Amino acid sequence: MSENTRIVIIDDDPGIRDAYRDILAPDSASDILAKGSALFGDSPLAHDSADREHYELALIENGEQGIRAVEASMSTHTPFAAAFIDMKMPGIDGAETAKRIWAIDPAIKIVIVTAFHEYSPDDIIRVVGRADIFYLRKPFNQTEIEQFARALTQQWNLERERELQQKHLEEDLKAAAQIQQSLLPQTRPNVKNFHFAWRFIPCQTIGGDIFNIHRLDESHLALYMVDVSGHGVPAAMVTVSVSQSLLPGTGHILKKTTNSPPHYEIIPPVDVMKRLDQEYPLDRFGKYFTITYLILNIETGQIRYSGAAHPMPGRGRASGDSELLRKGGTIIGMGKLVPFEEGEVFIRQGDRLVLYTDGIVEYMNEADEEFGGERFYHELQTHRQTSLETTCERVIEAVMAYGSGVKPQDDITLLALERTGGEHAD
Amino acid sequence: MQIEMRKEGKVLIIKLLEKRLDANIAMDFKREMEKRINDGNTWIVLDLAQAEFMDSSFLFIIVSSLRLLWRNGKIVIAGAGESVKNLLRLTKMDRVFQMFNDADGAVTDLAN
């Protein structure tokens, strides 16, 4: 983008307007001088003129016309960077003019120029309603005008550049968020006798939580939930990498090919943890993550699971009892610091299982008190009789209500499954 | 970050005076730990008696500090309250870091 050097001068005195022109647009002003320098060589004055900044000036003689000029500049997308406005003019005065100009173009930099002592900067700020107005006393000298013009046009251009960068960043983030969304389950897995529901609320546009449900073969599903340390772009990029590694088809963590039929082997959860721990050492991204990983046998309801310092999944039995799935190890990336363990449970008809990230239990209200595990399980229990989908919804509502709408400090993720039928007679 | 340090023999006692050990101070703490370890301190007691809360990013710094030492020394934790203990249990770090009720107990143990 080329620099905006457009400045509007609003002053009823033609002599003053000429003075502005001589200072800020010396080429157009001093034809005679320019010719002189061509005739007589490099006179000090001509040299001075060549070194000076050149601005595109609009010289206007009263407030109303000034406002119209700003309006026109906005409609042609050629806004002014700055305005020098005389305070005392026939018609509306400088302060009023400034106020109306800012209503049209809030980004323009404005200098009020006045010879009159009755207008203090405070008086002007009171009329205009903004404190970022500049104030220059007449008679001004050339240097003052030059400095104001340079500083204010530079500031205008920097601000615009920053605005554009900000916009690009936001667009990038939105695009990244869409990519991240595409790594979450897109449709509910269509599995006989099992039902799934989830909620995901990132605390920024993109976040460090990721989860998914994949089919490993006819009778096994893989479920995982990952929470990468930190937030924002770096954490989100690690989630992308991890979710790719955890694809059953192309990743190499969940399944391996074998020579004999069926030519694949499902990797047990504890070995999935070991592989991840190897694949994602702390030093690789300077990030670590926690995970719960489980394999659900949809014929028998068997769940084999392991975890890495992730909030422990909870199993709610149809009978009303509940328990935590405690087996696992420490954070991924520690390099065998603590051995991983694997657990096994069965999900019977009417049983539910929930996976979640610490964003729920560590959600803090205004008094810095955590929502906490107990409240979380209480909510799950309270809404036990509603559909799985509704239960998830109610729990998230309860979390938000607890903080009376305080923005989550961390991503909030909840994934639940329920066995709705197909129980073999034991 | 508010911190107090003293040395007893070969043991460095780092007392954290913050109530919340979280991401806000984790980076300061990281620099401090790296500095102390690079200065040759390998027997370290972290006195967490003042801490009411620790999050995983802070724990991460403690663990990475331990990795800096590798097998040349030890970091132990003293005075951890219930909340901090819970995090250590959840992350199975209670198996990695020896815990003591107070700094004096830790120092006595490390000195031997």
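Quick note on labels: first sequence line is chain A, next is B, and so on, each numbered from 1. Hydrogens, waters and symmetry mates are skipped; everything else that's a heavy atom, side chains included, is used. In this text the structure is predicted, and so the values were computed from the model without any measurement.
- Within a 6.0 Å sphere centred on CE of A:Met237, heavy atoms belonging to other residues, nucleotides or ligands number 12 at most.
- For the options A:Ala309, A:Gly335, A:Gly333, heavy-atom pairs under 4.5 Å to chain B are most numerous at A:Ala309.
- Sorted by first and then second residue, the ring pair (Phe, Tyr, Trp, His ring centres under 6.0 Å) pairs involving residues 6-54 of chain B (not counting sequence neighbours) are B:Phe29-B:Phe58.
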Please report the C-alpha distance between B:Val96 and A:Val338 in whole Å, then the side-chain angles of each, then the deciding distance to 0.1 Å, and finally whether the side chain to side chain contact (heavy atoms under 4.5 Å, CB included) criterion is met.
CA-CA 7 Å; B:Val96 176; A:Val338 179; 3.2 Å; yes
Could you please show the donor-acceptor pairs under 3.5 angstrom between chain B and chain A, with distances rounded to 0.1 Å?
| residue | atom | partner | partner atom | Å |
| --- | --- | --- | --- | --- |
| B:Ser56 | O | A:Tyr288 | OH | 2.9 |
| B:Ser56 | OG | A:Tyr288 | OH | 3.1 |
| B:Ser57 | N | A:Tyr288 | OH | 3.2 |
| B:Arg67 | NH1 | A:Met334 | O | 3.1 |
| B:Thr91 | O | A:Thr330 | OG1 | 2.5 |
| B:Lys92 | NZ | A:Arg326 | O | 3.1 |
| B:Arg95 | NH2 | A:Glu341 | OE2 | 3.3 |

